Amino acid sequence: MKKFNSNNHEVNILRGLDGVVAAETDISFVDGVHADLYYKGYNIHDIADHTTSYVEVVYLLLNGELPTRKQLKEFRVKVVAEMRIPTQVIKMMEIIPPSSHPMDVLRTTVSALSQFDSDSGDNSQKASRRKGIRLIAQIPALVASLYRIRRKENILSPDPHLNMAKNILYMFHGNVPEETHSRAMDLLLLLHADHGLNASTFSARVTASTQADIHAAVSSALGTLKGPLHGGANERVMKMLMEINNVEEVDEYINSMLAQGQRIMGFGHRVYKNEDPRAKHLRKVSEELCGLSGNRKLYQISHKIENIVLKKKGIYPNVDFYSATVQHALGIPKEFYTAIFASSRISGWVAHILDQYSNNRLIRPTSKYTGEYNKKFVPIARRKTPDTTPVQR
Ligand code: COA
C-alpha cells in the first residue's frame with residue numbers, strides 16, 4: 001500500500017516491519033525459504049548433533065569460531081565462575097511478591113545487577129563484553145535461585161565441575177542431573193541461543209544503538225521476550241496441554257479454538273513458512289523424555305495437535321511448542337519456561353549488542369502521521385467540559 005509520510009515522501013508501510021532488513025550481521029541467519037538456521041555459518045542441525053554443550057555455542061557466537069578443547073574448558077570455567085549473584089540482589093528476589101511472574105522478577109533483577117557490576121559505568125567494548133559474559137552466567141543463576149526461593153529451599157552455588165546445562169538443573173533441583181536430562185537441557189539452550197533479528201534481539205539492538213549500557217539493552221530484550229507472541233508462547237503451550245485430558249479430546253479442543261479464531265500457541269512463524277528446524281530436534285527429545293518419565297500421553301496429545309493444526313491451517317510448530325514438554329519433563333514449572341528461554345537467548349542478545357556497539361548508527365525509524373495540522377489552540381481557562389448529560393427521551 002503506497003502512503004505518504006509527514007515529509008510528503010512516498011513510503012511503503014510494512015506492518016510489523018515484515019521483510020524489512022534493519023541490520024547487517026554474521027551472527028545468525030534464519031532461512032525461511034529452506035527452513036534452515038545458521039549460527040556463524042554452521043547449520044543448526046550440525047550444531048545440535050555435534051556440539052558438546054551449550055557453552056560451546058556461546059563461545060562460537062561471541063568469538064566467531066568453534067573452540068578447541070582447551071579453549072572450551074577455559075571458557076566454561078570462566079562462565080561458571082561468573083554465575084555468582086550479589087547477596088543484595090538475592091535479597092531483592094526474596095522481598096518481591098511471590099505472585100510476581102518470573103520474567104518480571106528477571107527483568108527487575110537484571111536491571112539491579114547493573115548497579116553491582118564491577119564494570120558499572122564503563123561502557124567500553126571490552127567492559128561491555130565482560131559484563132555480557134557475566135549476564136550470560138548470571139541470568140540462569142537468577143532463574144534457578146528464584147525457583148528455590150519460591151519453594152523456600154536453600155539457594156545453591158554453581159558447581160565449578162559442571163557445565164552450564166548441568167549447573168542449571170543442579171541449581172534448580174539440588175542434584176546432579178542424569179545424562180539424558182543434561183543433554184536435553186543443553187539441546188534446549190543451544191537451540192534457543194540466537195535467531196536473527198527476532199523481536200527481543202531487535203529491541204536489544206535499538207537500546208544499544210542509543211549507546212545505553214548492556215544491562216539496559218538486556219532489560220529491554222527481557223521485556224520484549226515476555227509477550228505471548230514471542231517467548232511467552234511456551235508457557236501457554238503447557239497451559240493448553242494441561243486443559244486437554246486425553247488424546248480423544250484434542251480434535252474438539254483445537255477445532256473449537258480455531259473456529260473462534262484463536263491462535264494456537266507454539267505454532268506459526270514470521271519467517272519460517274515450513275517447519276522450524278529447531279522443532280524437529282525438540283520433538284524427538286520430547287518423545288524420549290515423555291516416554292522415560294511415564295508421561296507419554298503428553299507427547300501424544302502434542303503430536304495430535306501438530307497434525308490437526310497442519311491439516312486445518314497449514315501452520316507448523318515453532319521452537320516453543322515442544323520446548324514446553326521438554327521443560328516439563330526436566331521438572332521446570334511452566335511459569336519458568338520463558339525465563340529458561342531467556343537463560344539461553346541472553347547469549348544471542350550479548351553477541352548482537354556487541355555487534356551493534358562495534359558499528360553503531362542510531363536506530364530510529366519514522367512513521368506516517370495521520371493526525372491534523374494547526375488545530376486552533378484554546379487556552380485552558382476557556383476550555384469547556386463536554387456536555388455528557390444523557391439525552392432525555
Ligand atoms: N494459530 C492459528 N492461526 C495462526 C497462528 C496460530 N498460532 N499463527 C498465525 N496464524 C494465522 C493468523 O490468524 C493469520 O491468518 P489470517 O490471514 O486468516 O488472518 C495468518 O496465520 C498470518 O498471521 P500473522 O499474525 O500475520 O503472522 P505473523 O507473522 O504476524 O505472526 C506469530 C507470527 C509467531 C506472531 C504468529 O504465528 C503467532 O501468533 N503464533 C502463536 C504465538 C507463538 O507461538 N509465538 C512464538 C513464535 S516463535
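None of the values given here were measured: they were computed from a predicted structure. Whatever order the structure lists them in is the order used to number ligands and atoms, beginning at 1.
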Using the rule given for ring pair (Phe, Tyr, Trp, His ring centres under 6.0 Å), can you reason through Y272 versus H195, listing the C-alpha separation, both sets of side-chain angles and the distance that settles it, and then say yes or no?
CA-CA 11 Å; Y272 298 122; H195 208 234; 5.4 Å; yes
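We find that K131 and D119 are not joined by a salt bridge, their nearest charged nitrogen and carboxylate oxygen being 4.0 Å or further apart. With respect to the salt-bridge test (charged N to carboxylate O, under 4.0 angstrom), the residues D320 and R236 do not qualify. The existence of a salt bridge linking E94 and R150 is excluded, since no basic side-chain nitrogen approaches an acidic carboxylate oxygen closer than 4.0 Å. E82 has a carboxylate O that lies under 4.0 Å from a charged side-chain N of R134, or vice versa, which qualifies the two as a salt bridge. Between K78 and E74 there is no salt bridge, since no side-chain N of the basic residue sits under 4.0 Å from a carboxylate O of the acidic one.
Below 3.5 Å of separation, one finds an N or O of F267 facing an N or O of ligand 1.
Nearest protein heavy-atom neighbour of atom 6 (C) of ligand 1: I264 N, 3.6 Å. Protein heavy atom in closest approach to atom 46 (C) of ligand 1: D320 OD2, 3.2 Å. For atom 33 (C) of ligand 1, the closest heavy atom belonging to the protein is R270 N, 3.8 Å.
Shown in contact with G268 at under 4.0 Å from a heavy atom are these atoms of ligand 1, numbered in order with element: 34 (C), 37 (O). Atoms of ligand 1 found under 4.0 Å from any heavy atom of K313, numbered from 1 in the order shown, are 3 (N). Near H269, with a cut-off below 4.0 Å to any heavy atom, the atoms of ligand 1 are 37 (O), 48 (S). Proximity to A233 (heavy-atom distance under 4.0 Å) selects the following atoms of ligand 1: 43 (C), 44 (O), 45 (N), 46 (C).
With distances taken over non-hydrogen atoms, the option nearest atom 31 (O) of ligand 1 out of K273, R278, R263 is R263.
The protein does not reach atom 26 (O) of ligand 1 closely, with no heavy atom under 4.0 angstrom from it. Within the 4.0 Å cut-off (strictly below), no protein heavy atom is located near atom 15 (O) of ligand 1. The nearest protein heavy atom to atom 2 (C) of ligand 1 is closer than 4.0 Å. Within 4.0 Å of atom 40 (N) of ligand 1, at least one protein heavy atom is present. Distance screen at 4.0 Å: atom 20 (C) of ligand 1 has no protein heavy-atom neighbour inside the cut-off.
Distances shorter than 4.0 angstrom occur between a heavy atom of G266 and an atom of ligand 1. In this structure, I315 is part of the shell of residues with a heavy atom less than 4.0 angstrom from ligand 1. Contact analysis puts P228 in contact with ligand 1, with a non-hydrogen atom separation below 4.0 angstrom.
Ring geometry for H45 versus H281: interplanar angle of 30 to 60°, hence tilted.
Looking only at side-chain heavy atoms (C-beta outward), I155 and I85 stay at 4.5 Å or farther from each other.
Taking the six-membered ring for Trp and the full ring otherwise, the centers of Y316 and F267 sit at least 6.0 Å from each other.
Criterion: ILVMFWY side-chain heavy atoms under 4.5 Å apart, direct or through other members. Under it, M103 and M92 are not part of a common hydrophobic cluster.
A cation-pi arrangement is present between R383 and F377 under the rule of less than 6.0 angstrom and at most 45 degrees off the ring axis.
Contacts of L229 with ligand 1, taken as heavy-atom pairs under 4.0 Å, involve both backbone and side chain.
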